[in-house]
Structures are given as structure tokens and as C-alpha cells.
Amino acid sequence: MSFEKSIDLNYQRARKALVEEISSKGISDLRVLDAFLNTPRHLFIDGAFSSRAYQDMSLPIGYHQTISQPFVVARMIELILKGNIFEKVPLGTILEIGTGCGYQTAILSNFCRKVFSIERISPLAERAKINLKSAGVKNFLIRCADGSLGWPTFKKFDAIICSAVSSNIPEPLVKQLEVSGKLICPIGNHEDQNLILVEKKSRTEITKKVLDSVLFVPMLPGIVDLDDK
Ligand code: SAH
């Protein structure tokens, strides 16, 4: 067997173990588990950390940011897919705030026609595009912008997922949610945060549920254009 092939097999085994781990922690949606089984997380991580690519932990990706813990990504996606009218068919569009290295974008790409993703740090946005391409993902669009302001055209999304914590649910995001869509967002401060699930019941009516305690990097305003890691 070639060296590359045996490395690939090792990664496959490691991915299977990761899927068993997040399943034992409570993720039961088979579609979500399948997406984790098929997404090469090692391609989204700097070489120095590749031996830890399939551990259920967040890891540094430069610019003081991290790739999220797989369990938390899985949990957020499971919440978005659960019990709504879209359960059996893929969503149309998902908006992601905080692309980071693009790993969650890759997972999300399995569940919709197109993922729209916003990252405020320009070199990370560029790297995410390269990572996604090398993982064979095509149905995404990444912009460098302040995601708390929403996608900068008048567009509605079937689901919105934030990967950075803010003190309040950004109003532009609630506005860009389709009726019967779901928004999941960590809310709180640097030491006390919870996932909040917002459901848009009608044009004027939303419900909010406070869920798991989590730990995300902060949602910050403006964009960063420098390449000074
Ligand atoms: N989704 C990632 C996690 C990225 S970490 C994953 O696949 O694991 C959170 C990211 O949110 C960081 O890259 C950070 O730069 C970005 N971020 C923070 N505030 C933001 C904002 N206002 N708009 C867009 N991105 C933001």
C-alpha cells in the first residue's frame, strides 16, 4: 500500500472514532453523523495540529481564532435540522457567520443548496476558500464582511448559524430569516454563554429557546484586512 493511501486510511479510521465519540455524547441524527464521517477535518487545520484533527476539541487556526469543537458544530446543525418542515428535504440556503477555516461550511454544504458564509478576517476567508476547494466543496459563497450586519443584499435564509458569541441576537440576522426558518447563535460574554435557538413563526412572530452552555470566540465589528498572523 502506498504511503498516501495508508495515511488516508488512518484519517478514515480517526473520523470514524470521532463520529462514535460525538454520537456517544448525544448526536443521533444519522445525516449529521454521516456528514462528519465524510468531511476531511485535517484539510482545514494547520499541519502542526493535524495529529489532533479528529479529536473532539477546538484548535487554533491563526489570527487568535479557532476551529470549533466537532460536537458543538454537530449539535447546532442537529438543532437546525430537527423537527421542521425541511426535515426530509435539503434546505435552500444557509447563512453562516464566522467562516473561520471553513470546516463548518463544508459540513453545512451537505444540507442545503448553497451556504453563504461571512468572515471578518480577510486572510481567513481566503484560506477557507482554498480549504473548501481542496475538500471538493462547491456550493458555497464566502464574503469578507461584518456578519452581524447580515448578508449585504436583500436576501432571506432558511437557516442562520453563528460561530461567534455576541451580547444580543443581531437584529439584521433575525430580519434575514425566512418564515419557519431557524437561527442558532451563542449569546453571552467571554465566560458565560448559551446557544439560543430562534424560530421565525410568522413575519412578525419569533420564539426563543435558551439551550446548552458553550464557549465561542467573540463576534467583533468591522473587518481585518492585514496578513499579520
Ligand atoms: N465556523 C468555524 C469556527 C470559526 S471561529 C469552524 O468551522 O470551526 C469564529 C469565526 O468568527 C472567527 O474566524 C472570527 O474571525 C469570525 N467572526 C467574529 N466576528 C465576526 C463578524 N462580526 N463577522 C464575521 N465573522 C466574524
Side-chain angles (χ1 to χ4, degrees), residues 18 22 32 35-36 39-46 49-50 52-77 79-80 94-112 115-135 137 140-152 157 159-173 176 183-190 193 195 214-229:
L18 171 67
I22 61 177
V32 176
F36 279 81
T39 306
R41 193 172 187 245
H42 63 279
L43 296 182
F44 294 83
I45 288 173
D46 281 351
F49 295 102
S50 58
R52 287 193 250 165
Y54 293 104
Q55 293 181 5
D56 187 26
M57 61 191 323
S58 59
L59 293 166
I61 55 170
Y63 306 92
H64 308 291
Q65 306 304 324
T66 54
I67 181 171
S68 302
Q69 183 192 350
F71 171 75
V72 177
V73 174
R75 171 83 173 130
M76 292 202 288
I77 297 176
L79 286 166
I80 275 180
I94 299 181
L95 174 63
E96 174 187 44
I97 310 300
T99 321
C101 59
Y103 176 66
Q104 181 176 267
T105 321
I107 300 273
L108 288 170
S109 74
N110 292 282
F111 301 106
C112 59
V115 187
F116 293 72
S117 188
I118 307 180
E119 170 57 55
R120 66 181 286 276
I121 301 177
S122 155
L124 278 182
E126 291 311 310
R127 203 190 307 151
K129 290 180 196 167
I130 295 167
N131 293 343
L132 284 156
K133 206 169 165 202
S134 73
V137 180
F140 69 90
L141 205 58
I142 292 178
R143 286 191 76 114
C144 181
D146 178 350
S148 67
L149 307 173
W151 191 262
F157 296 92
I160 301 179
I161 187 160
C162 296
S163 300
V165 66
S166 50
S167 52
N168 291 297
I169 300 167
E171 199 43 44
L173 299 185
Q176 285 197 303
L183 181 160
I184 185 118
C185 190
I187 298 295
N189 53 44
H190 67 282
Q193 314 171 4
L195 288 180
V214 283
L215 198 59
F216 278 88
V217 295
M219 190 177 290
L220 298 171
I223 66 165
V224 178
D225 223 349
L226 310 168
D227 203 348
D228 59 348
K229 207 172 189 181

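Order of listing sets the numbers, starting from 1, for every ligand and every atom in it.
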Which atom names give the shortest non-hydrogen contact between Arg52 and Leu59, and what distance separates them? O-CD1, 3.7 Å

Note the single closest protein heavy atom to [atom], along with its residue, its atom name and the distance in Å.
| atom | result |
| --- | --- |
| atom 3 (C) of ligand 1 | Ser68 OG, 3.3 Å |
| atom 9 (C) of ligand 1 | Ser163 O, 3.3 Å |
| atom 1 (N) of ligand 1 | Gly98 O, 2.9 Å |
| atom 19 (N) of ligand 1 | Leu220 N, 3.0 Å |
| atom 13 (O) of ligand 1 | Glu119 OE1, 2.7 Å |

So is Pro218 in contact with ligand 1, going by heavy-atom distances below 4.0 Å? yes

So is there a nitrogen or oxygen of [X] less than 3.5 Å from a nitrogen or oxygen in ligand 1?
| X | answer |
| --- | --- |
| Val217 | no |
| Thr105 | no |
| Thr66 | no |

Give the atom numbers and elements of ligand 1 that come within less than 4.0 Å of a heavy atom of [X].
| X | value |
| --- | --- |
| Gly147 | 21 (C), 22 (N), 23 (N), 24 (C) |
| Ala145 | 23 (N), 24 (C) |
| Glu96 | 1 (N) |
| Tyr103 | 7 (O) |

With a 4.0 Å heavy-atom cut-off (strictly under), which part of [X] contacts ligand 1: side chain, backbone, both or neither?
| X | answer |
| --- | --- |
| Ile121 | side chain |
| Thr99 | backbone |
| Leu124 | side chain |

Flag the pair [X] / [Y] as yes when at least one side-chain heavy-atom distance between them is below 4.5 Å, and no otherwise.
| X | Y | answer |
| --- | --- | --- |
| Arg41 | Ile67 | yes |
| Val224 | Tyr63 | no |
| Trp151 | Leu141 | yes |
| Ile80 | Leu108 | no |
| His64 | Ile121 | no |
| Phe36 | Val73 | yes |
| Ile97 | Ile118 | yes |
| Pro60 | Phe49 | yes |

Measuring from atom 24 (C) of ligand 1, which candidate in Gln104, Arg120, Gln65 has the nearest non-hydrogen atom? Arg120

Gln104-Ser68 side chain donor-acceptor pair, cut-off 3.5 Å: no

Between Arg143 and Pro152, is there a donor-acceptor pair closer than 3.5 Å when you use the side chain of the first and the backbone of the second? no

